[in-house]
Amino acid sequence: MTEAAKPESERRKFRAIKGTRDILPPDSALWNWFEKTARSVMESFNFGEIRTPIFEETELFARAIGADTDVVAKEVFTLQARPESVQRAELLREAIHRIGDVKHELRVTRLLQHLTVFVRYLQIALQQGHLPKDAANLHNVGLLERGLKEAGQLWKSGSTQPESYWNGLFEKVKRIADDIRFESAERTSGVSELDLEPTASLRPEATASVVRAYVEHRLDTRPGDQKLYYIGPMFRRERPQKGRYRQFYQIGAEVLGTSDAPAIDAELIEMLTVLLERCQIEKYTLLINSIGCADCRPKYVELLRAELRKPEIFERLGADSKRRVETNPLRVMDSKLPEEQEIIDTKLPKISEHLCADCKTHYEKLKKELRLRAVPFTESPRLVRGLDYYMRTTFEITSPILGAQNALCGGGRYDGLVELLGGPKGIKGIGFALGEDRFIDAIQEARLGEQATKIHAVRPVDVFVAWMGERAYPTAVRLARVLRGEKHAVELPPEELKFRKALERADKMGARYVLIIGDDEIASGQLTVKRLADGKQEKIAEEAVVDYFRGAR
Ligand code: AMP
C-alpha cells in the first residue's frame, strides 16, 4: 500500500531531527526583532556583515579550534563525502601534529596511541581501496607499521631510551604522516566529483571561517582594522537539553588588525552591553580575565601543574582533571565538578598574579577602559582557554535567569590565529559569539512587559479586506496591492466570505480594521471601514483609502 493510501494514523510522520527545532510565528517575530536590533547596534559601532559558508574544510576547524578539543573530536558533523577511514586518518594526522608541550612520558604514550589508530585506519583505507595503493603510500604505511611495532616494544619493555631517541622518532613519524597521499584514490575508482573535495564539516563556530576569509581575501590590505559581524546557524553534536541544541544560532563579531589596544577589547565588550541594554536584560554578569601570552603563560602553567600534582590536591580531583594535570592543566580551572570548586577557588594560583609586565599593563588598561565606559565587570581567574593562540583578554557573560546553560556569550583575544591559518604575521584578533537561542530565552524571561508582548506577537493584520460579490473582487485585489505598497499588513481572503464570517475571522486574526467592499460600495464608490477596537464604522471614498490608513498608523 502506498503511504497516501494508508489511514492517517498509520502514515509515517517526520519530526525535526534530535537537537534541531522549528522556530514558528509568533516566536520568529522576536528572533527577527533581536537580529534587527543586533545589526543596528553593531552597525552603530561601524561593524560590517560577513557571510561565510556553513561548511568548510574539516582541517580548518581542526587547526583553528584544535583537533584535541571536544568540539572537533566529538561534536563536529562531518559530511560523509569521503570514506570514514580516510577522514579519521586525516584527523589523527592533525592530532599527531598537535601533540606538543606535555610531559615527556605522556607525549610518548600519546604518540603511540595516536599512531596505533592512525596506522589502523590507513590499513583499512588501503584495504577498501580508499587510499591510492601506489609505491610511495605502501612504502610509507610500511615504515609506520614497522616503526610503531619497534617503538611499542621498546616502550613496553621499559628500556630507557634517551629523550632524543623519542624526539627523533616523533619528527620522523610527522614527516612520513605528511607524505601519505589521501587524494586521487577516488579519481581512479571513478567516484563522483564531490568525493574529490577535501572532507568538509558543518561549522561548529564561525571565527575559523571569518579568519579564513580574512586571509583568503587579503583583508589585511584594506585600510584600518576589519570589524566584521556574522549571524547564522552553527552545528555541534552535543547532548541536547534546554538551551543546548545541535543546530543553534550565534551572532558574533571579530576585530582583525595590527593593533591590540585594550580600547578595542573594551569597545567590543561595551557593544555587547549596549545590546543587552536594548534587550532590557538587566540580570547578567560580565566576567573578565587575562590569560597572559606566550611569554608568561607557560611559566604559570608549570606553576599550576606543580600545585596540582601535590598529593593533597591531586587526590581531591576528578578523573578528567587528573588527566588534565598533565595534558592541559589550564582547563582544570574551568571545571564544573562540584567537589573541585573549593580547590579551584582557594588553593590554586591565579594567572592574573603571574602575568608579565606587558600583559599586566594590557589588563590594567582594559579595566580602566571598561570603567571609562561605565561597564561593570567581575574578575574571574577561572576564565581560561586551552589553546595556544588565545591570549590576554577573555570574557564571558552569564545570566542567572537562564538556568543550567547560563552562558549568554563568550569571547577573547586570539592574536596568533591569523598566522596559524596561513595569514600574514602580526595580525591580531579579538571576537565574541553570543548564543541567539539563549538571548531569546533571556529576553522572554526578562519580560519586557508591554513591549515583550508587542515584539512577541505576530505582526497584527492592519487591514482585513472583506469583499463580497464578484464585482467587488477586482477592487479588493487592487486596494490590497496599494495598501501593501504602503507597508500595511493586509489580509485578502482568497475566497468570498459571508459578512459575519469575515468579521469573525478578522477579529480572530487581530486585525485593526476591516475594509468592507460589497455591491453597495462599488455602486456608490464609498467604501466602509470598521475599526475593530471600538466597532466605529465610517464611509470613505475609494480614492481616499490610502490617506485614511496613512493617518491610522
Ligand atoms: P562558544 O562558541 O562555545 O564559546 O559559545 C558561545 C555562545 O554560544 C555560548 O555562550 C552560548 O550562548 C552559545 N552556545 C554554544 N553552544 C550552544 C548550543 N549547543 N546550543 C545553544 N547555544 C549554544
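Both ligands and their constituent atoms are indexed starting at 1 by order of listing.
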Is it true that a side-chain atom of Thr327 and a backbone atom of Arg323 form a donor plus acceptor pair closer than 3.5 Å?
yes
Taken to the nearest 0.5 Å, the spacing of Leu366 CG from Leu370 CG works out to 4.5 Å
Pair Gln250-Glu205, side-chain donor/acceptor within less than 3.5 Å
no
Does any N/O atom on Leu434 come nearer than 3.5 Å to any N/O atom on ligand 1?
no
Using distance alone, determine whether Phe248 and ligand 1 share an N or O pair under 3.5 Å.
no
For residues Ser40 and Arg278, is any side-chain donor paired with an opposing acceptor at under 3.5 Å?
yes
For ligand 1, which atoms have a heavy atom of Cys409 less than 4.0 angstrom away?
10 (O)
Counting only N and O atoms by type, is there a donor-acceptor contact under 3.5 Å from the side chain of Arg212 to the main-chain atoms of Leu421?
no
List ligand 1 atoms under 4.0 Å from Ala433, heavy atoms only on the residue side.
6 (C), 7 (C)
Could you tell me whether Glu238 and ligand 1 have an N or O pair separated by under 3.5 Å?
yes
Ligand 1 atoms in contact with Leu408 (distance to a heavy atom under 4.0 Å):
10 (O), 12 (O)
Glu90 versus Tyr121, side-chain donor and acceptor atoms under 3.5 Å
no
Identity of the nearest option to atom 1 (P) of ligand 1, non-hydrogen atoms only, from Met234, Glu205, Arg236, Glu75
Arg236
So between Arg438, Gln247, Gln250, Glu436, whose heavy atom ends up nearest atom 6 (C) of ligand 1?
Gln250
Is the CD atom of Gln341 crowded by more than 12 outside heavy atoms at less than 6.0 Å?
yes
Would you call Arg21 and Asp437 a salt bridge, using N to O less than 4.0 angstrom?
yes
I want to confirm something. Looking only at heavy atoms, which of Gly243, Pro240, Gly412, Gly435 is nearest to atom 21 (C) of ligand 1?
Gly243
Answer yes or no for atom 19 (N) of ligand 1: protein heavy atom present at a distance under 4.0 Å?
yes
Minimum non-hydrogen distance to atom 9 (C) of ligand 1, winning option of Ala442, Ala407, Gly411
Ala407
